[in-house]
Amino acid sequence: MKKFNDNASNRKTYVGDIFSKGEFMAKEEILNTLDRKWKFLHNNAWIHIHDLDAYGSTYNCLTIDFISKFKYEEFENISETHKIIKYFEYLKLLFEKLGNEQSGGMAIANFDIDTSTIFNNINVNILKNKDLIYECIFQFIEWNTLNNTRMGKQSYYITLNIGLGIDENSREISKILLNAYKNSGQKNFRPNIVFKIKNGINFKPTDINYDLLLKSIEVSNSKMIPTYLFCDSSLDRNIDPKKLSIVGCRSRIAENIFSTNKTAVGRGNIANISINLVKISLWLLNNNKLNINNFLKVLDYIMNITKDILIHRYNKTCLISDDQKYTFKELWFDSRLSFSQLFKHGTLSIGFIGLSEAVELLTNSKYWKNKESYKIALTIIRFFRKNCDIYTKENNLNFSVIAPSGELISSRFLDIDKREFYNEKYSDFFSKNYYTNSFHIDVDSGISAREKIYLEGKFHKYCNGGSITYVELKEAPQVNIEGIYELIEIAYKSDIRYLGFNFPLDICGDCDYMSIFNNNCDKCNSSNIKRIRRVSGYLEIQDFFTKGKYYESKKRKSN
């Protein structure tokens, strides 16, 4: 019987095994300290408290305040060559330290602009040192994919946002990064690269960085990365695009009730909890009370408890001793502040999974097949946003709605619900071994890419804590830049905030031949095949997937 990971990034190591044992014990200890009702909801799959082992000890993710905190003094009196090499070693060390001090992802909001600015300030000529910078970025990509020193078992969750730098040096950094990523081969699939699309800068043929958008599409056509952040979406159009960032696999940190400065830079998500929407429908169905009004009443009850848990966790996290000299404190927007003063600028997110299954139980129809079902799906997500906006005002904290990755919970929730609610009539929900993620249309729907983008686009504006839409392609589009650009245009018009393209990437582990294989390599007949797929915003090898995402990836059909 196949053994599944709790996280697709996990690798088998001695240190990792020891950490996992301690992690499991820490989660149990923390659960035992929580209110019994909270523990019941978590253990019985009504909710999932993410990163439970980090409860009260650290926060989730961060877009680092990189440019204003750069340690220029370390780059004095050394050669230009040494400065370039040291810069990328500096980045690695920063991510290593930070990655072991927080529970989630790390991002740089403007890698192209920030790198160009820093190199200019330390007197590095980018145009004369393109080859060396390329080699350093290439090595950085390999390091991020192959290094599993986070907790002794994982690589680091790093996202580099690019696309807005219009000066010659910033544009050159973007080109070098994209070229290095493409040339690094399919075995290298980290870091995540996000191309920010902004009309007037790179979206139209007349825009100065339009060529970089086309270059980005060329790379993602063979590697699935970059993904695309639409800075003109209704959520983000009134925010300076340079202050926007994707952090982690999709998180959005922008609005801030404690500041008029809407920015992700130097801010992070403190914690998030996901709600099992399918559970609500199944429980109501089992009690002969299933209708949308009762559904929203139960959801309201669960959300209110979830809000209380997040506030409790936030308050505990603020009690971290100010004497502790964490790396992360230096990378928030103002390291002079106490942790409590910093963390109030972070976000508390409430997420959800299984909208598709929940609505199907409510209406006897897939929400993407029926107008009335679709309206109910939108009603549920609007309800999430309305409640989170109320929580923000009532509690003076930044609450938000996130459409999360659901990497572990897609199967965890289902397995627990199956034991409680299994019924032959609804066996299809349980036999597939996963719940559909967030507001996504079923992965085996087979509907067109255009329709999927249009339908999912209506949900993004309510998910102010982050979301993503994927288009599933039968194979790598390679040279079909025009076709992918057309889908990007459709996404732009459909109010998608964040978009990714998925397709199968298979590599022979023995001869490195790349293709789409059935069981054996077409070239050397080896069965040692690595199948790279997108699992939760990041790319990973399919054999390391969690149970739910493994079975989901097997059922995906092209749009």
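All figures in this text were calculated on a predicted structure; none of them were measured in a lab. Note that these values count all heavy atoms, side chains included, but never hydrogens, waters or copies made by symmetry.
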Under 3.5 Å donor-acceptor, Asn209 side chain and Leu212 backbone: no
Between Arg252 and Asp236, does at least one N-O distance fall below 4.0 Å, as a salt bridge requires? yes
Any donor and acceptor pair, going by atom type alone, linking the side chain of Glu74 with main-chain N or O of Lys71 inside 3.5 Å? no
Can you establish whether the number of heavy atoms outside Lys69 located under 6.0 Å from its atom NZ is more than 12? yes
Roughly how far, to the nearest 0.5 Å, is the OG atom of Ser335 from the CG atom of Leu331? 9.0 Å
I'd like to know if Lys196 and Asp112 make a salt bridge, using a cut-off of under 4.0 Å between side-chain N and carboxylate O. no
Where Cys61 and Gly104 come nearest, the two heavy atoms and their spacing: CB-C, 4.3 Å
So that I can tick it off, tell me whether Asp240 and Lys242 are bridged by a salt bridge, with the cut-off set at under 4.0 angstrom between side-chain N and carboxylate O. no
Can you find a side-chain donor-acceptor pair between His345 and Ser259 that sits under 3.5 Å? no
Determine whether more than 12 heavy atoms belonging to other residues, nucleotides or ligands lie under 6.0 Å from atom CZ of Phe24. no
Between atom CD1 of Ile133 and atom OG1 of Thr115, what is the distance when rounded to the nearest 0.5 Å? 9.0 Å
Quick check: closest heavy atoms across Ser220 and Pro226, and the distance to 0.1 Å? CB-O, 3.3 Å
Have Gln102 and Thr58 got a donor and an acceptor in their side chains that come within less than 3.5 Å? no
Taking the six-membered ring for Trp and the full ring for Phe, Tyr or His, determine whether the centres of Tyr470 and Phe501 are under 6.0 Å apart. no
Does any part of the side chain of Ile402, heavy atoms only, come nearer than 4.5 Å to the side chain of Ile350, both counted from C-beta? no
So, taking the atom named NZ in Lys175 and the one named CG in Asn179, what distance separates them when rounded to the nearest 0.5 Å? 9.0 Å
Tell me which one of Asn261, Thr63, Asn110, Thr263 satisfies side chain to side chain donor-acceptor pair (under 3.5 Å) with Lys243. Asn261
Flag the pair Cys231 / Leu244 as yes when at least one side-chain heavy-atom distance between them is below 4.5 Å, and no otherwise. yes
So, is the end of the Lys344 side chain (NZ or CZ) under 6.0 Å from the ring centre of Phe258 and within 45° of the ring's axis? yes
Is it the case that Asn60 and Asn269 place a side-chain donor and acceptor less than 3.5 Å from each other? yes
Cationic N near anionic O, under 4.0 Å, Lys215 to Glu218: yes
Do the charged groups of Glu552 and Arg556 touch, with an N to O distance under 4.0 Å? yes
Could you check whether Lys92 pairs with Glu89 (Lys NZ or Arg NE/NH1/NH2 to Asp/Glu carboxylate O, under 4.0 Å)? yes
Could you check whether atom CD1 of Ile166 has more than 12 heavy atoms from other residues, nucleotides or ligands sitting under 6.0 Å from it? no
With sequence neighbours excluded, tell me which residues meet ring pair (Phe, Tyr, Trp, His ring centres under 6.0 Å) with Tyr210. Tyr485
Sub-4.5 Å side-chain heavy-atom contact between Lys204 and Asn199: yes
For the rings on Phe439 and His460, is their centre-to-centre separation under 6.0 Å? yes
Decide side-chain contact (heavy atoms from CB on, under 4.5 Å) for Thr392 and Leu397; before the verdict, give the C-alpha distance in whole Å, the side-chain angles of both, and the deciding distance to 0.1 Å. CA-CA 5 Å; Thr392 296; Leu397 290 169; over 6 Å; no
Is any side-chain heavy atom of Arg534 less than 4.5 Å from a side-chain heavy atom of Ile225? yes
With a 4.5 Å cut-off on side-chain heavy atoms, are Phe333 and Val265 touching? no
Between Phe203 and Phe230, does the ring centroid distance fall short of 6.0 Å? no
So Tyr55 and Ser103, do their side chains get closer than 4.5 Å, heavy atoms only? no
Could you walk me through whether Ile246 and Arg497 pass the side-chain contact (heavy atoms from CB on, under 4.5 Å) check? CA-CA 10 Å; Ile246 293 295; Arg497 180 178 185 263; 3.5 Å; yes
Determine, stepwise, if the pair Asp65 / Ser68 fulfils side-chain hydrogen bond (donor to acceptor under 3.5 Å, both in side chains). CA-CA 6 Å; Asp65 188 0; Ser68 69; 2.8 Å; yes
Checking side-chain hydrogen bond (donor to acceptor under 3.5 Å, both in side chains) for the pair Asn120/Thr117: CA distance, chi angles, key distance, verdict? CA-CA 5 Å; Asn120 179 65; Thr117 300; over 6 Å; no
Quick one, Phe111 with Phe66, criterion ring pair (Phe, Tyr, Trp, His ring centres under 6.0 Å). Give me CA distance, side-chain angles, the key distance, then yes/no. CA-CA 9 Å; Phe111 177 75; Phe66 180 56; 7.8 Å; no
Looking only at atom types and distance, does a side-chain atom of Asp510 sit under 3.5 Å from a main-chain N or O of Asn528, one as donor and one as acceptor? no
Taking ring pair (Phe, Tyr, Trp, His ring centres under 6.0 Å) as the test, write out the residues that go with Phe399, two or more places apart. Tyr391
Heavy-atom donor-acceptor pair, Ser251 side chain to Gly248 backbone, under 3.5 Å: no
Quick one: does Arg171's side chain have a donor or acceptor within less than 3.5 Å of a partner on Ile208's backbone? yes
Ring centres of Trp143 and Phe88 under 6.0 Å apart? no
Below 4.0 angstrom, N of the basic side chain to O of the carboxylate: do Arg531 and Asp506 qualify? yes
Worked verdict on Tyr228 versus Tyr498 for ring pair (Phe, Tyr, Trp, His ring centres under 6.0 Å): CA-CA 6 Å; Tyr228 299 90; Tyr498 186 37; 8.8 Å; no
Side-chain heavy atoms of Tyr72 within contact of Ile118, under 4.5 Å: yes
Quick one: do Asp495 and Lys461 make a salt bridge, cutoff under 4.0 Å? no
Stepwise, does the side-chain hydrogen bond (donor to acceptor under 3.5 Å, both in side chains) test hold for Gln542 with Ser553? CA-CA 8 Å; Gln542 190 180 57; Ser553 67; 2.8 Å; yes
Determine, stepwise, if the pair Asn398 / Thr347 fulfils side-chain hydrogen bond (donor to acceptor under 3.5 Å, both in side chains). CA-CA 5 Å; Asn398 293 301; Thr347 60; over 6 Å; no
Within a radius of less than 6.0 Å around CD of Gln478, do more than 12 heavy atoms belonging to other residues, nucleotides or ligands occur? yes
Verify side-chain contact (heavy atoms from CB on, under 4.5 Å) between Thr227 and Leu499, making sure each step is shown before the conclusion. CA-CA 6 Å; Thr227 43; Leu499 177 70; over 6 Å; no
Apply side-chain contact (heavy atoms from CB on, under 4.5 Å) to residues Ile484 and Ile488 and explain how you reach the verdict. CA-CA 6 Å; Ile484 297 302; Ile488 287 174; 4.3 Å; yes
Any idea how Tyr59 and Phe343 line up, ring-wise: parallel (<30°), tilted (30 to 60°), or perpendicular (>60°)? tilted
If the threshold is 4.0 Å, N to carboxylate O, is there a salt bridge linking Lys198 and Asp207? no
Within-4.5 Å side-chain heavy-atom neighbours: Tyr181 and Lys223: yes
